[in-house]
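Contents: one structure, followed by commentary.
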Number of protein chains: 2
Amino acid sequence: MSKPELNYKHLHYFWTVAKEGGVARAAERLGVSPQTISGQLGKLERDIGRTLFTQVGRRLELTEAGREALRYADEIFLLGERLREALDEPALGQASRLTVGIADSVPKLVAYKLLAPVVEASPQLRLVCHEGEFDELTSALSRHKLDIVLSDRDLGQAQQRRLVARRLASCPIGIYAARSLLEKPGAARNIADFSHAPMLLPSKRTSMRTRLDVWMDAEGLTPNVVGEFDDSALLTTFGGNGAGYFPAATVLTEMLSRQYDAELVIELSDVNEGYYAISLPSRLPNLHVARLLQSALP
Amino acid sequence: MSKPELNYKHLHYFWTVAKEGGVARAAERLGVSPQTISGQLGKLERDIGRTLFTQVGRRLELTEAGREALRYADEIFLLGERLREALDEPALGQASRLTVGIADSVPKLVAYKLLAPVVEASPQLRLVCHEGEFDELTSALSRHKLDIVLSDRDLGQAQQRRLVARRLASCPIGIYAARSLLEKPGAARNIADFSHAPMLLPSKRTSMRTRLDVWMDAEGLTPNVVGEFDDSALLTTFGGNGAGYFPAATVLTEMLSRQYDAELVIELSDVNEGYYAISLPSRLPNLHVARLLQSALP
DNA sequence: CCAGATCAATCGAAAAAACCGAATATTAAG
DNA sequence: CTTAATATTCGGTTTTTTCGATTGATCTGG
């Protein structure tokens, strides 16, 4: 019974060749001669008893076995890299950077409140924040460019196999308006009036919009939509300056009052905004990612 | 900027030493001399700039850095092993075995119905089934002794970081009784009568029991419990032979009628039994595991 | 269509790494 | 105290990796 251990050096050459798309480029990248790569690659193929590449023209192409092997090699060398990084950290197990993507639709204040406990727990942590659209961020997450993504949307069915989402908090939604708007004659003060009031809404793709549409439908409202926004901060800015009635999570009430002089007009008790942390399903999570996920409310 | 590549051979020695608990045992296992291990281990420590072991007495003990490294090494060499296995399969990407754990509380017929599509899709697949208690099975799953676990229970909060559960199907519960029991004078036929009827129930820890307790409480029933069972098959056998009224998922109605001559007495429309597939959060799932998870109902 | 350039594979020799035998130091057990 | 078990260090040997030179195939530009 032969059981030759897998040669990880050979596998690493194979992986580099596949990534770089050729023996020559891989050799340059690794600082060795192409003959070396070619020879060791041959050994690997003999060891495992499968051809990994076929020579088509003067180019190498992955075989089916090669593609399969590459999937594993990707994981293996990613882990190796992270092992190295983990051991390079002065404080063991505590990565010194946490790279987080924040969806445009998440209010900055909410993002702050979610991240604050993590930052406080590790004073020397460097937090790196990126903003963007949901798809953009989850894609960056898959490519290991981000450690975690904060969003107001759950994952779609298709993504649930590659990523995991965890609901961190939820908050009822309210309709707000700047005091300047409310002091005008004939200002809307209750549900019935909203049919004619100027309304600012999140754009179609957001989950909050969907739920608001359902609510307005149920209440029989056909509001006068004067603006749609992708970015919740922009929506708030317009709304806070009196451009129209606007929805926001009720955690923001105090901030809206202080910063924009805007008031809660009505709270939609059964329309909730959920906030999710989306991460890769790693069994070796970054300490800070683990803390963030654990901070989920019951 | 120094960036010496991680030496996986050294890491493998380190991993084996940690697993076997000593240089000597590791050397024997790997078929090399202890000096070799010791030397290569020293090189690894110099390469990464951390001591991995401290010599306490004549034994080696992992340092903090060592424990951290070991977590990664575990993943890496598990992947290496699986890479080898995957490439050994005659049909690429199709593991020829699927090892599944089935919780005692899952009816055999349900397990069959859930697994049948997977088996049919791959005729040459060898299915290996183990039964046991929930904790036993999830533990085996964590140690990679099982590919997947079928259960009627969702994961607890604590386990959700290491394992993922997916609801595959759900089914309303009914109360059944053998015809022989129903033909006796004064047999229970509706809710009110159950207070005095002999009742068989799942044991305390199962999720079905919890929900049944809630239901009975809501209906004001204080049944005469004549038996509690861990294993749903055993419960069904007792119930089917007339030992008492017993609960079961309504998918089983036909089977119960044919095999035991038992009848559905009442269907609890708002008490549902959910069936879950629990697996490791791997990004490289076994094809069959992937199929099973994908077969979830909407 | 041909000449030069590019690429991967092969071969044998040189370099590097891994390995082992003997010896040492330390510790636990009898 | 002696003995057995353990990890380590030091030299020399063996194995593996690497490279230079070469070959054969393929693409590109004139």
Side-chain angles (χ1 to χ4, degrees), chain A residues 2-63 65-67 69-70 73 77 80, chain B residues 2-63 65-67 69-70 73 77 80:
Chain A
S2 69
K3 199 199 158 194
E5 277 297 338
L6 185 58
N7 187 324
Y8 285 81
K9 189 164 207 171
H10 295 171
L11 188 67
H12 189 237
Y13 285 161
F14 158 74
W15 181 68
T16 310
V17 170
K19 288 285 167 202
E20 295 289 322
V23 172
R25 272 176 294 266
E28 189 180 1
R29 186 181 211 281
L30 294 170
V32 296
S33 65
Q35 304 93 297
T36 299
I37 305 278
S38 187
Q40 304 292 301
L41 200 53
K43 277 189 186 163
L44 177 62
E45 291 185 333
R46 282 194 295 103
D47 280 350
I48 64 179
R50 293 254 186 193
T51 61
L52 274 356
F53 289 107
T54 52
Q55 192 162 7
V56 43
R58 62 181 175 188
R59 207 158 227 84
L60 289 185
E61 221 161 72
L62 282 169
T63 63
R67 275 189 290 276
L70 186 57
F77 294 113
Chain B
S2 69
K3 203 198 156 194
E5 277 297 338
L6 184 58
N7 187 324
Y8 285 80
K9 189 162 209 171
H10 295 170
L11 188 67
H12 189 238
Y13 284 162
F14 158 74
W15 180 68
T16 309
V17 170
K19 287 285 167 202
E20 294 291 321
V23 173
R25 273 177 291 265
E28 190 181 1
R29 187 182 212 283
L30 294 170
V32 298
S33 66
Q35 305 93 298
T36 299
I37 307 276
S38 188
Q40 305 289 300
L41 235 173
K43 278 190 186 161
L44 176 62
E45 292 186 332
R46 283 194 296 101
D47 281 348
I48 64 179
R50 293 256 184 191
T51 59
L52 273 355
F53 289 107
T54 52
Q55 193 162 6
V56 44
R58 60 182 176 189
R59 207 159 226 84
L60 290 184
E61 219 160 73
L62 282 169
T63 63
R67 275 189 289 276
L70 185 57
F77 295 113

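Residue numbers begin at 1 in each chain, while the letters A, B, ... track the order of the sequences. Every value quoted in this text rests on a predicted model; they were computed, and no experiment measured them.
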N/O (side chain, B/S33) to phosphate O (OP1/OP2, C/dC19) under 4.0 Å: no
Check: B/Q40 side chain, B/H10 main-chain N or O, donor-acceptor pair, under 3.5 Å: no
Between C/dA8 (C1') and A/L52 (CG): distance, integer Å: 15 Å
Integer-rounded Å distance: C/dC20 P and B/L30 CG: 11 Å
Sugar-phosphate only, base, or nothing, as touched by A/Q55 at under 4.0 Å among non-hydrogen atoms: sugar-phosphate
Integer-rounded Å distance: C/dT10 C1' and A/R46 CZ: 13 Å
Name the pairs: protein N/O against N/O of nucleotides 25-27 of chain C, kept only if under 3.5 Å.
| residue | atom | partner | partner atom | Å |
| --- | --- | --- | --- | --- |
| C/dT27 | O2 | B/R58 | NH1 | 3.1 |

Sugar-phosphate only, base, or nothing, as touched by A/G42 at under 4.0 Å among non-hydrogen atoms: nothing
B/L41 CG to C/dA18 P, straight-line distance once rounded to whole Å: 12 Å
Residue closer to the 5' end of DNA chain D, A/Q35 versus A/H10 (nearest nucleotide): A/H10
Centroid-centroid distance, A/F77 to A/Y8, less than 6.0 Å: no
Terminal contacting nucleotides, 5' and 3', DNA chain D versus chain A (heavy atom, 4.0 Å): D/dT17 to D/dC27
B/R29 and B/T16: CA distance, side-chain angles, deciding distance, side chain to side chain contact (heavy atoms under 4.5 Å, CB included) verdict: CA-CA 8 Å; B/R29 187 182 212 283; B/T16 309; 3.8 Å; yes
Interatomic distance, B/E28 CD vs C/dC19 P [rounded to whole Å]: 17 Å
Distance test, side-chain N/O of B/K43 to OP1/OP2 of C/dA18, below 4.0 Å: yes
Whether over 12 other heavy atoms sit under 6.0 Å from B/R67 CZ: yes
Separation of A/I37 CD1 from A/H12 NE2 (nearest 0.5 Å): 9.5 Å
Sugar-phosphate only, base, or nothing, as touched by A/F53 at under 4.0 Å among non-hydrogen atoms: nothing
Rounded to 10 degrees, the angle between the two terminal axes of the helix from C/dC1-D/dG30 to C/dG30-D/dC1, each from five pairs: 30°
Closest-nucleotide 5' rank along DNA chain C - winner of B/Q40 and A/V23: A/V23
